[in-house]
Amino acid sequence: CINSVQLYGPTNASPIIGNVAKMAREALHQQQAKDYFILLLITDGILTDMDQTIHMIIEASELPMSIIIVGVGDADFSDMERLDSDDRLLSIGNRKAKRDIVQFVPFRDFKNARPDRLAAHVMREVPTQ
């Protein structure tokens, strides 16, 4: 059990999303259709590469992968809510995601809940993605 963790920035998500997208793309080209990738990102703040992250998510939206973001702490997570495009597909410029592949969960909403409630909420959207 981890009692204490100190997180610090900058927080760049696009490189890891790109790495997982590359693995998903390779699996897709190798006809390994049974492979599905889930990336879990835990963050305590604002992404410093938001535009690049949006581009990577849009690119990854056609691949067999999902991204789960858990926000820890009391930061403003409005950018994460934007990435979790439940109301409309994520877009930037003239590029638009093929589907919603991001699930954002603020940990503070589950801080005093049973761990299985957090797990259920985190995985809630994955089957429909």
Side-chain angles (χ1 to χ4, degrees):
C1 181
I2 298 174
N3 293 323
S4 177
V5 173
Q6 183 177 3
L7 303 173
Y8 60 95
T11 303
N12 296 314
S14 62
I16 188 67
I17 295 170
N19 287 339
V20 175
K22 180 181 176 189
M23 289 186 291
R25 188 174 296 105
E26 288 170 0
L28 194 60
H29 289 307
Q30 295 173 2
Q31 277 81 31
Q32 295 179 8
K34 65 182 187 300
D35 290 344
Y36 194 86
F37 297 81
I38 298 176
L39 172 61
L40 173 63
L41 295 174
I42 300 173
T43 182
D44 69 340
I46 296 171
L47 296 178
T48 52
D49 65 341
M50 187 65 170
D51 285 348
Q52 296 94 326
T53 297
I54 292 171
H55 283 288
M56 291 306 306
I57 291 170
I58 290 171
E59 184 177 315
S61 70
E62 62 187 16
L63 298 170
M65 68 177 283
S66 292
I67 302 166
I68 298 169
I69 303 172
V70 177
V72 295
D74 295 322
D76 175 9
F77 290 115
S78 54
D79 281 347
M80 304 305 149
E81 295 287 354
R82 178 177 171 207
L83 297 177
D84 184 3
S85 52
D86 286 337
D87 298 332
R88 58 182 144 71
L89 291 175
L90 188 63
S91 64
I92 190 167
N94 62 352
R95 296 186 66 208
K96 187 175 185 178
K98 303 278 190 241
R99 60 193 179 91
D100 175 18
I101 65 168
V102 176
Q103 168 72 353
F104 170 69
V105 178
F107 180 75
R108 64 181 166 235
D109 293 354
F110 297 88
K111 192 173 184 176
N112 297 316
R114 292 186 348 233
D116 62 322
R117 281 202 58 232
L118 173 63
H121 194 77
V122 163
M123 298 301 289
R124 182 181 63 189
E125 288 184 15
V126 172
T128 61
Q129 292 180 344

In Å and rounded to the nearest 0.5 Å, what is the CG to OG1 distance from N12 to T48? 3.5 Å
Using the rule that Ile, Leu, Val, Met, Phe, Trp and Tyr join whenever any side-chain heavy atoms are under 4.5 Å apart, tell me whether I16 and I67 fall into a single cluster. yes
Taking the side chain as C-beta and beyond, is there a heavy-atom pair between V122 and Q103 under 4.5 Å? no
Here the gap from M50 atom CE to M80 atom CE, rounded to the nearest 0.5 Å, amounts to 6.5 Å
Side-chain touch D84/I69, heavy atoms, less than 4.5 angstrom: no
Counting only N and O atoms by type, is there a donor-acceptor contact under 3.5 Å from the side chain of Q52 to the main-chain atoms of P15? no
Does CG belonging to N112 count more than 12 external heavy atoms closer than 6.0 Å? no
Kindly work out whether a path of hydrophobic side-chain contacts (I/L/V/M/F/W/Y, heavy atoms less than 4.5 Å apart) joins I58 to L89. no
Does atom CZ of R108 have more than 12 heavy-atom neighbours, drawn from other residues, nucleotides or ligands, at distances under 6.0 Å? yes
Which atom names give the shortest non-hydrogen contact between F37 and V20, and what distance separates them? CB-CG1, 3.9 Å
State the CG-NZ distance between L118 and K111, to the nearest 0.5 angstrom. 13.0 Å
Between V70 and I46, is there a shared hydrophobic cluster once you connect ILVMFWY residues whose side-chain heavy atoms come closer than 4.5 Å? no
Heavy-atom closest contact (S66 atom, Y36 atom, distance): OG-OH, 2.6 Å
Which residues share a salt bridge (Lys or Arg N to Asp or Glu O under 4.0 Å) with D76, sequence neighbours left out: none
Compare all side-chain heavy atoms of L83 with those of L47 and state whether any distance is below 4.5 angstrom. yes
Shared hydrophobic cluster, I42 / M123 (ILVMFWY, side-chain heavy atoms < 4.5 Å): yes
Matching residue for V102 among L41, I17, I57 - test: side-chain contact (heavy atoms from CB on, under 4.5 Å): I57
Donor-acceptor under 3.5 Å (S61 side chain, K98 main chain): yes
Taken to the nearest 0.5 Å, the spacing of R117 CZ from H121 NE2 works out to 9.0 Å
Taken to the nearest 0.5 Å, the spacing of D74 CG from F107 CZ works out to 11.5 Å
Which heavy-atom pair separates A60 from M65 by the least distance, and what is that distance? CB-SD, 3.6 Å
Side chains of E59 and R25, heavy atoms from C-beta outward: is any pair under 4.5 Å? yes
D100 (side chain) donor-acceptor with L90 (main chain) under 3.5 angstrom: no
Under 3.5 Å, is there a donor-acceptor pair between the side chain of D35 and the main chain of A27? no
Does a side-chain heavy-atom distance below 4.5 Å link P64 with L28? yes
Just how far is it from atom CD1 of I54 to atom OG of S91, taken to the nearest 0.5 Å? 8.5 Å
Is a side-chain N or O of T43 found less than 3.5 angstrom from the main chain of G71, in a donor-acceptor match? no
